[in-house]
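Before any comments, here is the structure.
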Protein chains: 2
Amino acid sequence: MSGYSPSEAATRSGFSLDTLRYYEKIGLLSDIGRTSGGRRVFTDDDLGWLVLFRCLRDTGMPIAEMCRYAELARAGEHTAGERHALLRRHAERVEEQMRLLQRQYDHLREKIRFYEGSG
Amino acid sequence: MSGYSPSEAATRSGFSLDTLRYYEKIGLLSDIGRTSGGRRVFTDDDLGWLVLFRCLRDTGMPIAEMCRYAELARAGEHTAGERHALLRRHAERVEEQMRLLQRQYDHLREKIRFYEGSG
DNA sequence: TTTCAACCTGGAGCGCGCTCCAGGTCAAGA
DNA sequence: TCTTGACCTGGAGCGCGCTCCAGGTTGAAA
């Protein structure tokens with residue numbers, strides 16, 4: 001509860017200060033609160049968004065698509081279906097990505113075994 | 001056995017023609033044969049390297065590190081230990097990457113379930 | 001009151017991995 | 001012989017996602 005300073009938000013989200021500012025600049029984050037002196041104050045809700053963005057970035061979603069998702073969410077409850085579909089499509093891509101990664105990891109292990117066999 | 005044209009090599013490796021030329025330019029590929037007219041001819045051995053590069057790139061190895069590996073291989077059999085270690089270190093990073101991807105994929109699925117629960 | 005680390009803005013710069021382009025050459029088929 | 005598409009080289013350009021910088025402000029602790 002209450003608010004978090006930029007550096008707290010950075011620590012908790014795993015994004016750098018510059019990245020947080022960048023995300024606000026491009027409209028991925030919006031309506032981040034300010035103190036009277038102009039400093040950012042992140043809410044628990046903002047932190048929740050950052051956790052989601054961390055998840056989406058780590059799974060390879062382009063920033064443009066995260067912006068799209070955030071826009072839809074801001075537009076209201078009636079976009080829930082579209083948001084759902086967007087996440088499902090992304091999940092499918094992630095599954096493909098995981099299969100590829102596993103396959104190539106297996107190749108890599110085989111290559112490593114080759115070194116061990118002839119060492 | 002026999003040789004492959006650039007476009008054949010591209011198709012078989014999944015790299016673009018420009019990428020093949022780029023890899024040769026930076027020294028990742030070396031000693032690619034030429035016809036009398038100056039056109040590239042890829043051997044089965046070259047194709048084998050490309051398969052390895054595909055594996056390493058797909059698992060996130062930076063090009064600089066692939067260059068290092070290729071250099072070691074060119075230097076001779078006495079670098080086998082170092083090449084082995086390099087691949088093992090990479091495999092560990094890939095394992096970490098897979099764990100993260102799985103974790104974030106689980107988060108994503110949970111988020112998707114949330115949409116299905118309240119839909 | 002002074003200090004100083006954390007913060008602000010706008011905008012330039014960067015590292016990576018290609019990708020594209022201009023202007024020319026080569027070679028196989030009609 | 002002519003055409004045409006695949007290929008050549010050197011070098012510029014690009015898209016992404018930050019990252020850094022200059023120059024200034026804020027605010028809590030000493």
Side-chain angles (χ1 to χ4, degrees), chain A residues 2-43 46-47 49-50 52-70 90 93 97 100 104, chain B residues 2-43 46-47 49-50 52-70 90 93 97 100 104:
Chain A
S2 79
Y4 306 94
S5 71
S7 63
E8 272 176 306
T11 301
R12 284 169 188 264
S13 67
F15 290 113
S16 74
L17 289 169
D18 270 319
T19 298
L20 294 180
R21 290 194 270 259
Y22 168 69
Y23 281 0
E24 189 180 359
K25 182 150 45 178
I26 64 174
L28 183 54
L29 293 170
S30 67
D31 300 322
I32 299 297
R34 299 295 153 115
T35 65
S36 57
R39 288 158 182 227
R40 290 178 182 77
V41 180
F42 292 84
T43 65
D46 296 329
L47 264 287
W49 275 99
L50 290 175
L52 176 60
F53 293 153
R54 179 86 274 164
C55 167
L56 298 177
R57 286 297 295 130
D58 284 349
T59 51
M61 183 182 283
I63 285 183
E65 200 169 336
M66 304 198 314
C67 286
R68 171 80 182 137
Y69 181 89
H90 179 57
R93 287 196 303 268
Q97 188 189 341
L100 173 63
Q104 297 291 36
Chain B
S2 77
Y4 305 94
S5 72
S7 62
E8 271 177 305
T11 301
R12 284 169 189 266
S13 67
F15 291 113
S16 74
L17 289 168
D18 270 319
T19 298
L20 294 180
R21 290 194 270 260
Y22 167 70
Y23 281 1
E24 188 179 0
K25 182 149 48 180
I26 64 173
L28 182 53
L29 293 171
S30 67
D31 299 323
I32 299 297
R34 299 296 153 112
T35 64
S36 57
R39 290 160 181 226
R40 288 175 182 80
V41 180
F42 292 84
T43 65
D46 295 329
L47 264 288
W49 275 99
L50 289 175
L52 176 60
F53 294 153
R54 179 87 275 166
C55 167
L56 298 178
R57 286 297 296 129
D58 284 349
T59 51
M61 184 183 282
I63 285 182
E65 200 170 335
M66 303 199 313
C67 285
R68 170 80 182 137
Y69 182 89
H90 179 58
R93 286 196 304 268
Q97 187 189 341
L100 173 62
Q104 296 293 35

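Every heavy atom of this structure was used, including side-chain atoms; hydrogens, water molecules and symmetry mates were not.
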Measure from [atom1] on [X] to [atom2] on [N] and round the result to the nearest Å.
X: B:Ile26; N: D:dG10; atom1: CD1; atom2: P; result: 15 Å
X: A:Tyr22; N: D:dC21; atom1: OH; atom2: P; result: 19 Å
X: B:Glu24; N: C:dG17; atom1: CD; atom2: C1'; result: 17 Å
X: A:Met61; N: D:dC16; atom1: CE; atom2: C1'; result: 16 Å
X: B:Leu20; N: D:dC7; atom1: CG; atom2: P; result: 10 Å
X: B:Leu17; N: D:dA6; atom1: CG; atom2: C1'; result: 9 Å
X: B:Lys25; N: D:dA12; atom1: NZ; atom2: P; result: 10 Å

Just by distance, do the side chain of B:Arg12 and the backbone of B:Leu47 share a donor-acceptor pair under 3.5 Å?
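No; zero donor-acceptor contacts below 3.5 Å.
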Quick one: does any side-chain atom of A:Glu65 pair with a main-chain N or O of A:Pro62 as donor and acceptor, under 3.5 Å?
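Absent.
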Search all heavy atoms of B:Gly3 against all heavy atoms of B:Glu8 and return the closest pair with its distance.
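Smallest heavy-atom distance, with atoms named: O-OE1, 4.2 Å.
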Distance check: side-chain N/O of [X] vs OP1/OP2 of [N], anything under 4.0 Å?
X: B:Thr35; N: C:dC26; value: no
X: A:Arg57; N: D:dC16; value: no
X: B:Ser7; N: D:dC7; value: yes
X: A:Thr19; N: D:dG17; value: no
X: A:Arg39; N: C:dA6; value: no
X: A:Ser16; N: D:dT19; value: yes
X: B:Arg40; N: D:dC8; value: yes
X: A:Arg34; N: D:dT26; value: no

Name the nucleic acid region contacted by A:Tyr23, choosing base, sugar-phosphate or nothing; use a 4.0 angstrom heavy-atom cut-off, strictly under.
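Here A:Tyr23 touches the backbone only, sparing every base.
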A:Gly38 or B:Gly38, whichever maps to the more 5' nucleotide of DNA chain D
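Comparing both residues, the 5'-ward one is B:Gly38.
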Both B:Met66 and B:Arg21 contact DNA chain C. Which one's nearest nucleotide lies toward the 5' end?
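Whichever sits nearer the 5' end wins; that is B:Met66.
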Return whichever of A:Gly37 or B:Ser36 has its heavy-atom-nearest nucleotide of DNA chain C closer to the 5' end.
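Upstream on the strand: A:Gly37.
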Any non-hydrogen side-chain atom of A:Arg93 less than 4.5 Å from a side-chain atom of A:His90?
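A:Arg93 reaches A:His90 side chain to side chain.
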Looking at side-chain heavy atoms only, is the closest gap between A:Ile63 and A:Arg57 below 4.5 Å?
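Result yes, sub-4.5 Å side-chain heavy-atom pair found.
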May I ask you to verify whether the side chain of A:Asp18 and the base of D:dC18 hold a donor-acceptor pair under 3.5 Å?
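When only heavy-atom distances are counted, A:Asp18 does not reach the base of D:dC18 through any donor-acceptor pair under 3.5 Å.
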